[in-house]
Amino acid sequence: MKEPDIKYNPRPQSFNGIEEMVEFLPATDTKKMEKMTIKRKLVIVGIVCAAAVISVAVGLLVWHFAYRSAPVYKVYTGSLTVTNVPFVEAFEDPTSPQFADLSVKVTEVLLSAYRSDPAIGPHVVSCNVTAFSEGSVISYYLSEFRVPAYKEVALDNAMNELKVKTAKVRQFSLAVDTFVAYPTDPQMARTFQDNKCSYFLHSSPGVETQFTTPGFPNFPYRPNSRCQWALRADAGHMILLHFKTFKMEACKPNKGDVVTVYDSLTAMEPRVLVKLCGSYPPSYNLTFVSSQNVMLVTLVTDNVGKHPGFLAEFTQIPRETLCGAQLKDASGVFSTPFYPAHYPPNRECIWDIQVPGNQHVKVRFLMFYLLEASALVTSCPKDYVEINNQRYCGERTPFVVSSNSSRMIIRFRSDQSYTDTGFMAEYLSYEPQNPCPDQFTCKSGRCIDLVRKCDGWNDCGDSSDESSCTCSTQQFRCKTSQFCKPKFFMCDGVNDCGDGTDEVDCKCPDKYLKCRNGKCFPQEQKCDRTDNCGDGTDESECGDALVTTCTENTFKCDSGECITKLNPQCDGVKDCADMSDEKEAACSCGKRPYSRKTRIVGGVNADIGEWPWQVSLHTPKEGHTCGASLVSSTILVSAAHCFQDASGVRFSDPSIWTAYLGLHDQASRTKSDSVVQRKIKKLLAHRGFNDYTYDNDIAYLELDSPVTYTDFIQPICIPDTSHVFPVSKSIWVTGWGAQTEGGTGAQILQKAEIRIINQTECNVLLEGQLTPRMICAGYVSGGIDACQGDSGGPLSSVESNGKVYLAGIVSWGEGCARRNKPGVYTKVTAMRDWIRQNTGL
């Protein structure tokens with residue numbers, strides 16, 4: 001309701017029912033009026049000043065009591081060494097009288113030192129000894145403080161400079177040495193619902209002692225809890241710790257569930273070996289070595305999620321003090337201590353290499369992982385390898401270091417925290433005038449095959465193999481670098497030259513964009529909610545999906561409507577009006593329970609569980625014969641050419657085939673609990689398969705009974721016909737096929753990262769043999785490819801929605817990994833309708 005207009009009211013206004021009257025002084029009494037005015041002004045000024053003073057005072061008091069004096073809770077952990085007390089076994093038991101007696105004495109020494117410092121003493125809340133270990137007796141402690149916020153820095157400085165000296169305690173003198181104190185990680189210092197989860201374990205010689213999170217594997221570990229495992233070995237030994245199973249909450253920055261391993265018996269941050277979260281496949285390298293005979297493992301959890309936890313085991317190994325060697329053979333190998341386990345902290349190794357005769361020496365680092373998150377790889381202040389006053393650290397691809405003499409000294413150094421896998425290296429002697437016989441010599445000293453020079457790929461790592469080249473008819477020259485690159489790099493949307501040379505002649509005119517169908521349209525028409533391209537390109541990456549005319553480039557909803565959005569299936573957004581793009585049946589695929597780690601120790605072996613849809617197909621006579629991909633609990637997709645009768649064997653007979661799912665190592669297919677075996681009930685190859693051209697090279701197989709999905713068995717997603725796998729996209733091929741042309745099959749599942757190649761250029765390389773139902777991937781330079789025995793296996797593409805899609809099926813190629821002969825795969829998007837018609841998927 002609109003309020004009435006406010007009008008002037010000549011009546012006096014009242015406040016709280018009392019009318020405010022105005023009295024006018026007589027106009028003639030001007031002096032009296034001036035005096036009263038001055039007096040009134042002084043009173044008002046006084047009141048204002050007093051109010052200001054009171055406000056400032058109140059503000060200061062509020063600041064002092066609410067902020068400046070607000071207590072801050074601080075926890076310090078550390079250790080000190082008692083040099084005049086021998087270590088006895090009873091010190092390992094926190095309930096023993098000997099432990100109690102010495103801990104009281106050490107506590108008194110610490111409290112005495114605290115009280116002697118005015119910046120520390122007034123703020124002590126408690127001090128407790130938590131453990132003892134050898135050497136003579138290392139005492140680990142935890143001290144708590146409550147300090148006003150404005151004195152926190154002074155406390156930290158005082159603790160950092162505190163000296164704890166020999167003291168008289170109960171008529172007994174404790175000789176104290178090497179006192180250290182460190183602030184505790186706030187995650188460890190917070191209050192927990194469950195804080196009584198502590199275990200004390202001592203290994204026995206030759207015995208692997210196991211321990212797990214509470215409830216593992218039947219129940220998840222507890223929320224909002226802190227657990228710790230104090231691990232010990234005999235004197236003169238070290239601890240080798242290995243996590244066999246590790247499945248926890250996904251990593252979160254500065255929070256979440258975290259397992260921390262310390263090279264200590266207390267949670268000292270400078271003694272952290274590793275912090276772990278998330279899930280790791282069983283084959284991943286989670287092995288750690290202590291520097292002494294103690295180790296602490298802690299688990300801190302939040303209130304979110306239910307996860308199985310971990311299974312770990314540890315054993316004791318003799319303590320090795322010597323590290324390095326004198327190497328005098330013509331060639332050999334060496335590595336960091338305990339490789340591929342994480343090297344121990346606080347270690348220095350020196351290898352003195354002297355090759356015979358007048359030859360020179362070079363070292364090739366095959367694996368190199370000396371990475372610490374907070375360390376600068378430019379100066380390498382923490383863990384490093386030093387050669388000729390040059391330090392190397394971080395995570396590096398294989399590289400070579402050469403010497404201009406027959407001698408080279410290599411020094412490895414690790415600090416007290418955060419260890420890594422280390423390195424594996426080989427050294428070789430060579431003739432100074434011919435460092436790479438029958439090969440090309442890179443400026444770095446690395447040797448590569450002569451055929452890799454001027455092939456458009458930086459094989460040397462320093463591009464020395466691509467300088468001063470004459471481009472072939474299958475290459476073009478970059479403008480700035482003058483490097484020769486394969487022609488299929490042109491117009492692929494990737495700036496391979498670095499200066500855009502390979503993309504400059506492929507674009508539409510200025511202020512125009514290019515559609516997937518080749519048309520050009522004005523930039524201002526992009527995302528205008530109109531399908532200007534006719535194939536939805538201009539509206540495909542604009543967030544909202546528009547209904548458009550159906551083409552081969554548009555996604556078709558179950559309702560029959562087509563939408564413009566690029567790859568909308570299973571992206572978490574319901575773009576179709578009938579929500580068919582997010583159907584659970586189609587989207588519960590392409591998951592990898594183990595997040596793929598970027599680092600694999602050794603070769604191209606896949607991790608266990610890394611490709612859980614990979615299937616191995618066996619026949620009684622041949623053993624592993626072909627690969628396949630699991631696309632549902634009962635259906636496999638493979639290549640039709642695997643099931644063509646030949647040499648008296650009826651490969652088309654489903655009864656001769658056995659499928660192994662969840663398999664990693666062919667030798668353990670009948671022994672591993674993660675492997676499931678199924679017979680084939682039905683087999684159907686595409687009727688249009690051409691055994692000469694390999695067109696329509698696809699088949700499906702039905703298992704005799706469904707499989708249950710596990711961490712090692714999962715279906716891969718089948719892409720829609722409109723799904724785009726762009727040129728130059730990295731993609732993965734996997735299988736147990738031959739590792740060299742004409743060689744034997746691999747025992748361990750292999751993986752290779754390759755790139756999708758421009759169809760037109762690939763067709764030129766393969767002399768016109770491609771059909772629209774084929775996709776080309778690999779490297780023109782060769783060296784990486786699928787091979788015999790990989791047929792039928794998946795070409796897996798990791799998409800932006802986190803799912804993995806079956807982009808292709810291993811089909812054919814001219815030899816294996818040959819130069820200018822990339823691999824050819826069945827294009828699954830082109831076969832999507834056939835899969836739907838025959839399997840219902």
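We use all heavy atoms of the structure for the numbers below, so side chains are in, but hydrogens, waters and symmetry mates are not.
Checked against the 6.0 Å centroid threshold, Trp657 and Phe643 count as a close aromatic pair. For Phe310 and Phe216, the gap between ring centers reaches or exceeds 6.0 Å. Between Phe689 and Tyr694, a ring centre-to-centre spacing shorter than 6.0 Å is recorded.
For the 3.5 Å distance criterion, the side chains of Thr634 and Glu702 fail to qualify, holding no donor opposite an acceptor. Side-chain polar atoms of Lys682 and Tyr700 form a donor-acceptor pair below 3.5 angstrom. Side-chain contact, His723 with Glu799: a donor N or O sits under 3.5 Å from an acceptor N or O. Remark: the Thr287 side chain and the His342 side chain contain no N/O donor-acceptor pair separated by less than 3.5 Å. Between Ser705 and Arg678, the side chains place a donor N or O and an acceptor N or O closer than 3.5 Å (distance only, hydrogens not considered). In summary, the side chains of Thr619 and Thr625 do present a donor paired with an acceptor at a separation below 3.5 Å, with no hydrogens or angles considered. Side chain to side chain, Ser616 and His618 meet the donor-acceptor criterion of an N or O pair below 3.5 Å. When only modelled atom types and interatomic distance are considered, Thr693 and Asp695 share no side-chain donor-acceptor pair under 3.5 Å. Trp613 and Ser796 share a side-chain donor-acceptor pair at under 3.5 Å. In summary, the side chains of Asn763 and Gln769 do not present any donor paired with an acceptor at a separation below 3.5 Å, with no hydrogens or angles considered.
A heavy-atom distance below 4.5 Å is found between the side chains of Ser638 and Leu617. Proximity of Cys717 to Leu806: side-chain heavy atoms (C-beta onward) are nowhere separated by under 4.5 Å. Side-chain atoms of Asp697 and His686, non-hydrogen and from C-beta on, never get closer than 4.5 Å to each other. The shortest side-chain heavy-atom distance between Ser472 and Gln475 falls under the 4.5 Å cut-off. No side-chain heavy atom of Trp732 sits under 4.5 Å from any side-chain heavy atom of Leu795. Counting heavy atoms from C-beta outward, Gln210 and Leu311 have side chains that approach closer than 4.5 Å. Between Thr826 and Met831, some side-chain heavy-atom pair lies under the 4.5 Å cut-off. Residues Val733 and Lys751 form no side-chain contact, since every pair of their non-hydrogen atoms from C-beta on lies 4.5 Å or further apart.
Between Val810 and Pro794, the shortest heavy-atom distance links the atoms CG2-O, 4.5 Å. Between Cys576 and Phe555, the shortest heavy-atom distance links the atoms SG-CE2, 3.7 Å. Taking both residues in full, the closest heavy atoms of Leu749 and Trp736 are given as N-NE1, 3.3 Å, listed atom of the first, atom of the second, then distance.
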(request) Start with the C-alpha distance between Asp465 and Ile448, add both sets of side-chain angles, then the distance that settles side-chain contact (heavy atoms from CB on, under 4.5 Å), and finish with yes or no. (result) CA-CA 9 Å; Asp465 56 317; Ile448 63 169; 3.7 Å; yes
(request) Just do the side-chain contact (heavy atoms from CB on, under 4.5 Å) check on Asn758 and Cys762 with the steps written out, would you? (result) CA-CA 6 Å; Asn758 179 285; Cys762 186; over 6 Å; no
(request) Please report the C-alpha distance between Asp581 and Lys565 in whole Å, then the side-chain angles of each, then the deciding distance to 0.1 Å, and finally whether the salt bridge (charged side-chain N to carboxylate O under 4.0 Å, His left out) criterion is met. (result) CA-CA 11 Å; Asp581 57 311; Lys565 191 174 181 182; over 6 Å; no
(request) Could you check Arg396 against Phe365 for side-chain contact (heavy atoms from CB on, under 4.5 Å), going step by step and ending with a plain yes or no? (result) CA-CA 9 Å; Arg396 301 173 64 105; Phe365 289 93; over 6 Å; no
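For the side-chain contact (heavy atoms from CB on, under 4.5 Å) test with Val798, the passing option among Arg592, Lys729, Lys803 is Arg592; the others fail. Just one of Lys679, Gln677, Arg669 meets the side chain to side chain donor-acceptor pair (under 3.5 Å) condition when paired with Thr658; it is Lys679.
By the SG-distance test at 2.5 Å, no disulfide connects Cys484 to Cys454.
Between Asp558 and Lys583, at least one side-chain nitrogen of the basic residue sits less than 4.0 Å from a carboxylate oxygen of the acidic one, meeting the salt-bridge criterion. With salt bridges taken as basic N to acidic carboxylate O contacts below 4.0 Å, none links Glu582 and Lys574.
Note that CZ of Arg832 is 10.5 Å distant from CD of Gln837, once rounded to the nearest 0.5 Å. One finds the CG atom of Leu661 at 10.5 Å from the OG atom of Ser674 (value rounded to the nearest 0.5 Å). Atoms CG and CD1, from Leu766 and Ile757 in turn, are 8.5 Å apart once rounded to the nearest 0.5 Å. In this structure, the separation between CD1 on Ile635 and CD1 on Ile835 is 11.0 Å, given to the nearest 0.5 Å. Summarising the geometry, atom OG belonging to Ser629 is positioned 5.5 Å from atom CD1 belonging to Ile716; distances are rounded to the nearest 0.5 Å. Expressed to the nearest 0.5 Å, how far NZ of Lys827 lies from OG1 of Thr771 amounts to 9.5 Å.
Remark: side-chain polar atoms of Gln614 are not paired, donor with acceptor, to backbone N or O of Ile713 under 3.5 angstrom. In this structure, Asp420 contributes its side chain and Leu371 its backbone to a donor-acceptor pair below 3.5 Å.
Counted within 6.0 Å of CG on Asp673, heavy atoms from surrounding residues, nucleotides or ligands total 12 or fewer; the atom is thus considered open.
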